[in-house]
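Here is the naming used below: chain letters follow the sequence lines, and residue numbers restart at 1 for every chain.
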Amino acid sequence: QDRPTLRLGLLKFGTVNWEAQTIIDEGLDERHGFELRIVSFAGGDATKVAMQAGDIDVTTGDWLFVSRQRAEGAPLTFVPYSSSIGAVMAPCESDIASIEDLRSKRLGVAGGPLDKSWLMLLALAERRHGIDLARETSPVYGAPPLLAEKLRQGELGAGLNYWHYNARLETEGFCEIVSAQEAARELGARGDISAVGYIFDEGWAQENRDLALGFVAASREAKAVLAGSDAAWQRIRPIMGAENDAVFEALVRRYREGIPDRPVEEEEADTRAVYRHLAEIGGEKLVGVAQEMTPGTFWQALKDGS
Amino acid sequence: MAPDTGQGVARASGAAGARPRARPRDLLGGRSGTFLVRSLSVLGFFALWMAGTLLLGPRLCPSPATVAAFVVRETASGELPYHLGVTLLRVAAAFLLAMTIGTLAGLAMGRSRTANLVMEPWLVLLLNAPALIVIVLAYIWIGLTETAAILAVAINKIPNVTVTIREGARAMEPAYMEMARVYKFPKASLYRDVILPQLQPYLAAAGRSGLALIWKIVLVVELLGRSNGVGFQVHLYFQMFDVRAILGYTLAFVTVMLLIEFLLVQPLERRANRWRSRPA
Amino acid sequence: MAPDTGQGVARASGAAGARPRARPRDLLGGRSGTFLVRSLSVLGFFALWMAGTLLLGPRLCPSPATVAAFVVRETASGELPYHLGVTLLRVAAAFLLAMTIGTLAGLAMGRSRTANLVMEPWLVLLLNAPALIVIVLAYIWIGLTETAAILAVAINKIPNVTVTIREGARAMEPAYMEMARVYKFPKASLYRDVILPQLQPYLAAAGRSGLALIWKIVLVVELLGRSNGVGFQVHLYFQMFDVRAILGYTLAFVTVMLLIEFLLVQPLERRANRWRSRPA
Amino acid sequence: MAGDGAALRVRIEEKSYASPGGETVPVISGLEMSLPPRAFTCLIGPSGCGKTTTLRILLGLDDEFEGKIDDRFRTARLAAAFQEPRLLPWRTVRQNVDLALPRDMTDREAVIGRALADVGLEELLDRYPGQLSLGQARRAALARAFAVRPDILFLDEPFVSLDEATAQRLRGLLIELWTHHPVTVLMVTHNVREAVQLADRIVLLTHRPARVVGEVAVTLPREARTQETVGAFAAELARRHPGLVTL
Amino acid sequence: MAGDGAALRVRIEEKSYASPGGETVPVISGLEMSLPPRAFTCLIGPSGCGKTTTLRILLGLDDEFEGKIDDRFRTARLAAAFQEPRLLPWRTVRQNVDLALPRDMTDREAVIGRALADVGLEELLDRYPGQLSLGQARRAALARAFAVRPDILFLDEPFVSLDEATAQRLRGLLIELWTHHPVTVLMVTHNVREAVQLADRIVLLTHRPARVVGEVAVTLPREARTQETVGAFAAELARRHPGLVTL
Ligand SMILES: Nc1ncnc2c1ncn2[C@@H]1O[C@H](COP(=O)(O)OP(=O)(O)OP(=O)(O)O)[C@@H](O)[C@H]1O
Ligand SMILES: Nc1ncnc2c1ncn2[C@@H]1O[C@H](COP(=O)(O)OP(=O)(O)OP(=O)(O)O)[C@@H](O)[C@H]1O
Ligand SMILES: [Mg+2]
Ligand SMILES: [Mg+2]
């Protein structure tokens, strides 16, 4: 009964909660010999602060953040979680059907000018269409919920937003114009690359190897449950905040599409390629001193063939 | 000879008649008038809100009834009282801390040139340090604890109190201090009877706008590193763009503040201001 | 007979000698003393900072040199001046708006019972409306525009100004108003010569803590819906946990504020307070 | 102008304040008097009887009373030297006088300079009131009241806190101004000799609640008012109103 | 106690203020006097000559002067009736007196009640100072000064703004208190008769910068001080110091 506890810091009502809740509901943590404790926060920044303060063991983030922190001497590491990523949405009956139609439109960009989806999209537009999106559209950076709302209000012509906002928009007559995964392909990825993952301190993982590996395994199993079982979804529906069945179904579908299905090595190689391009576009502001993705960004233990 | 005896033809009249009549342009001085005007003002608020609902639709501006229903439901489930309680405790702790330290610092700076010289650059620095930075640094350096949260809020507020009280200390009437010095007032009496009453309007200003500022910062603090509280809830619902819930939590807090204002602060203030011949 | 002629044995002495001597406990009254104390205070700040760097490491607390290098680089590239300028413009616009409206409302509420009754519930509501809500609602209702941003900031600040000025209006000395009434002072003179000087400490308090509050809120406003400004930059860097850049931008802003304080506000204030026999 | 026509009538039926206990304490009760235009009237009454309250009502600073006062008190140009100087502490002596002058007055600098020189403050024009002695401040307030050339002039114990020589000089100044530009003067004083020296009429008030108990015309011709005659008249007054007038 | 031993010596070499123009304006220059213990000394001088400034220095409120004053001014229990009442407006009359009493005084209620009844304010104990007439406020300030039973009592024109009957009663009260509990009194006044009636010694000051030009012992025995003898003594004083003493 003295299973070690793993403190997982999450955005309350964030999409990662769904999997975490499933781990607890299905007893997956118990099966792998640990107890999962979810620590809720109200903002993405809060989990990063909590991580720095040592108040949680694991949280979520992306490989850009991990790579940069590693380069600056904080030994974080990354385990892919989902490849659901942002996409540009516009009203289906508007005159926007492709990237080229974005010219001179107001384009909402969630996450700011250094968001990786946005940077990849910039590269795609440049390479495929010779468009400088940053100049030829008027990008509006802002809080994701606000941008989604502005898209609904028609103040924005199109919006690049996170997938769960987009899943809702899908049910309200908005269509995907181009997704960030598509852009990643243009930059050399052969399959989907992950958008977010679990991040934690490598030293901690070294000391608690069984715990960390157990958690990764439990996560994988929970994904398998969610991929196959509708009953599991019904169980977590209350925490999903889906206002109607259509939204619920869109969320389930999009979530399932985002479950990573490639070997980590392959994904890491693709990510490394994409990273190189991003480093070029984003510059030091984005990646700090590391022009290449810092070695060890993807957790070594995943590739040791456990 | 006793020229000033208080006796005389006291007119038989109730409490209302005995108070000096309100000045003519303040037509609504009576108790019933007060109530009427207040009610009209509050009614106006709800009317405006309902107009907003009609204009913007229930998604962007849910009707008062919807919000009320939400508040009732959340109260019944215990969610709202819990988060509200947590936030109020944080607000109270940070408020007391900030007012105490801020007042002491402000007094020192207002009354001693040296103290002012030494502390002024720090004051301006703290005054202009973004809340975000202070909060993040507090969390990182102290840890994600309640102490860090309350300290962070207090640090954000202290310079504002200091700045206000410093003005008050500077504007104090030296004549009263001199009188107290001649009669060798003990320290306690000097503060209680001479300094405090002169600082009262400044304390009231610092306190009122302070409570509001603290609550604004508590929201940020809760957003960045706490797992409960109104700020936590409001931000969550903001992610989902649930305006109804946001308004519900906000109004619950504002209601508590209104109650404190009208049941606690104002009676106290009226007492403290009894001596002014024309209390506003 | 002319008993009060100002003549007499004026001692030959420069400007320094002519000023009344500093009170004994304020040993450092002279100009050089001022400079010394200020410098020591600022030095202390940097010492503390460097200690922080040693203790926490350069990632969580980058050294002053690193931050300075960053500021220099960002200034050379034009980034920092651009964002700083944008933010300062917003701060200035919101400040003027908030001070004007807040002062007028505060005067009205402090001087008329009726105005106070009508506006008080609104005041408490606005005072306690979370910045987030006001900003989001402004963006939603007005649009993601500069107007919305500045209005949102001003609305957050107005109630604080009002609350402070109201206290000032209530604490005004009726004797002076009466004198002005007897001599039928014109309206303009009433405000300029009788009311304003009495409100001065309250205006100073509201202004100082107001500028600070506005800047805190501008950060949130820029974070939620603007594409430039210091707040926008700070948030961007916060996402990467780049403490060096955050400190750089913050200090740049604080430096501007320090300059305004010492080169503009304090000389003005000294002028306004010349009449006090013992200026602090 | 208040100087024309009939006397200015004052009738204060009742004026009361609330006591701390909440009861109504009458301060003035059935006070009636009339001020002949261009006459110099003195008001004498014991401390706390309601003299300042009466002046405040006539000045339009207090309208919570029952009674009726002449409309000309509202329309005329007023000036008052209050019982305390009431100078604006953040304005210099010169500015304090300047601010009180009517907007349309020409030649302001000269008027201000003259008025302040008359009261012996010619060297203190640029001082702030906090840098004056109390006597100097009172003189500045007097200069202000004289400078505006009012239709009705109210003086509430104008010559206290002054050494007798200065006070005597200022009394002379007041009479001189009043002779050249006769205005209606209502002056409160506790000094019976002073009243006899200056006034045309003396109005005597009772203890609180104030009521007029006597009106005395000062029948001494002005040119005959020496220290002796004034003293004798005052002594006679004291004899006739033993409870109210003391020398 | 200041009452013992040698006279309290005062020597103010130089006291000056800065004028608005930035020059130093001397206010006191070479003022020397000594106060015999338990004696009643009056200070007379023209308006603005530096009397209040002298009192402030002796009270320890101003230490920016050159000179030396007796240490007993620092150690003795002091009381002062300032030129303005200086009551705390946010405290009632009763509280204002109470606050000034020494901590160790017993029987406070009785002392306060007596002191305020003595000055005729027995019915106004619970008023705030803003609800008093100026004369009443001055009396409250006097009651406060008397109640603390000081070793040295400073009075700056204590009896102005009072009707003559009240003033005369309070003068009697002061002398009575002083006879039973002899303290060192320094009183500023502009009223020469008043000084002759009350004082043992009168110190005459020049115009600014203040300097002592005359010290007069009032040789009239106290029991022989009637209106006539006092008047005559004062007249003689005025004759001898024509520029400084006016009746
Ligand atoms: N703060 C100050 N700055 C400059 N001059 C001052 C200041 N205070 C007082 N004075 C001047 O010092 C002189 C003496 O002032 P003080 O108050 O002692 O006079 P006083 O003898 O008490 O006069 P009064 O009888 O009018 O009360 C006056 O001429 C006054 O103008
Ligand atoms: N605000 C107030 N509340 C209650 N009583 C008041 C108030 N103001 C004045 N009084 C009382 O009214 C009476 C008259 O006051 P007023 O100031 O008119 O007296 P006065 O005749 O001018 O006296 P003095 O000669 O002392 O100046 C006094 O007894 C005073 O106590
Ligand atoms: Mg009076
Ligand atoms: Mg004086």
Side-chain angles (χ1 to χ4, degrees), chain B residues 1-10 15 18-21 23 111-113 168-169 171-205 267-280, chain E residues 55-56 58-62 75-93 95-103 116-117 119-133 135-136 139-141 144-145 147-148 150 152 154 162-163 165-166 168-169:
Chain B
M1 195 194 79
D4 313 295
T5 53
Q7 65 203 32
V9 196
R19 258 190 287 142
R21 264 175 295 159
R23 320 191 67 213
R111 283 165 51 66
S112 149
R113 244 179 80 79
M172 276 197 299
E173 179 55 69
Y176 299 128
M177 290 301 269
E178 291 182 356
M179 185 276 290
R181 234 166 108 193
V182 166
Y183 286 109
K184 302 199 171 65
F185 277 33
K187 206 95 184 163
S189 172
L190 189 69
Y191 278 91
R192 191 186 57 233
D193 300 305
V194 183
I195 294 181
L196 204 66
Q198 294 191 70
L199 287 186
Q200 186 272 329
Y202 295 88
L203 283 169
L268 273 177
E269 220 168 30
R270 255 196 301 278
R271 244 187 84 90
N273 277 322
R274 245 179 341 179
W275 62 273
R276 289 192 200 278
S277 21
R278 194 183 14 131
Chain E
L55 254 52
R56 285 173 50 83
L58 298 184
L59 282 164
L61 298 177
D62 189 342
T75 52
R77 181 184 294 173
L78 309 179
F82 296 90
Q83 217 166 353
E84 334 82 57
R86 296 209 187 179
L87 302 169
L88 298 174
W90 41 83
R91 294 285 179 261
T92 62
V93 170
Q95 290 168 336
N96 263 289
V97 177
D98 193 8
L99 286 168
L101 295 183
R103 289 309 91 183
L116 285 166
V119 299
L121 296 181
E122 61 276 14
E123 308 274 342
L124 306 180
L125 292 179
D126 294 317
R127 293 264 186 112
Y128 289 104
Q131 301 173 319
L132 301 180
S133 80
Q136 291 165 342
R139 283 183 271 158
R144 175 173 65 185
V148 300
I152 312 178
F154 295 89
L162 296 175
D163 58 289
T166 307
Q168 198 54 38
R169 201 165 54 82

* Heavy-atom closest pair, residues E/Pro89 and B/Trp275 ->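 Answer, listing the atom of E/Pro89 first, then B/Trp275: O-CB, 3.3 Å.
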* Considering all heavy atoms, the nearest E/Ala80-B/Tyr183 contact ->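 It is O-OH, 2.8 Å.
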* **E/Ala141: partners by side chain to side chain contact (heavy atoms under 4.5 Å, CB included), with sequence neighbours left out** =>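 Checked E/Ala141 against side chain to side chain contact (heavy atoms under 4.5 Å, CB included); matches are E/Pro85, E/Leu87, E/Arg144.
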* **Side chain proximity check, B/Glu178 to E/Arg56, heavy atoms < 4.5 angstrom** =>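 When only atoms from C-beta onward are counted, E/Arg56 and B/Glu178 do touch, with a gap below 4.5 Å.
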* Asked: Can any side-chain N or O of E/Arg77 pair as donor or acceptor with the backbone N or O of B/Lys184 at less than 3.5 Å?
  ->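 Checking the backbone N and O of B/Lys184 against the side chain of E/Arg77, no donor-acceptor pair under 3.5 Å is found.
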* **E/Arg103 portion near chain B, given a 4.5 angstrom heavy-atom threshold** =>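 Looking at E/Arg103, just its side chain touches chain B.
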* Interchain contact, E/Ala117 with chain B, by part (heavy-atom threshold 4.5 Å) ->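 Neither part; nothing is under 4.5 Å.
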Pair up each side-chain donor or acceptor in residues 186-196 of chain B with any protein partner under 3.5 Å, not counting sequence neighbours, and list the distances.
from     : atom 1 : to       : atom 2 : distance (Å)
B/Ser189 : OG     : B/Asp193 : OD2    : 2.8
B/Asp193 : OD1    : E/Arg91  : NE     : 2.8
B/Asp193 : OD1    : E/Arg91  : NH2    : 2.9

* Output the distance between atom CH2 (E/Trp90) and atom CZ (B/Arg274), rounded to the nearest 0.5 Å. =>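 Reported value, rounded in 0.5 Å steps: 14.5 Å.
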* To do: Go through the steps for E/Phe154 and B/Val182 under the test side chain to side chain contact (heavy atoms under 4.5 Å, CB included), then give the verdict.
  => CA-CA 10 Å; E/Phe154 295 89; B/Val182 166; over 6 Å; no
* Among the listed options E/Leu99, E/Thr92, E/Leu101, the residue most often paired with chain B at heavy-atom distances under 4.5 Å ->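 Heavy-atom pairs under 4.5 Å are most numerous for E/Leu99.
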* Of all of B/Ala272, B/Ala180, B/Ala175, which one pairs up most often with chain E through heavy atoms under 4.5 Å apart? ->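 So the answer, after comparing B/Ala272, B/Ala180, B/Ala175, is B/Ala175.
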* **side chain to side chain contact (heavy atoms under 4.5 Å, CB included) between E/Leu88 and B/Met179, intermediate numbers included** => CA-CA 9 Å; E/Leu88 298 174; B/Met179 185 276 290; 3.7 Å; yes
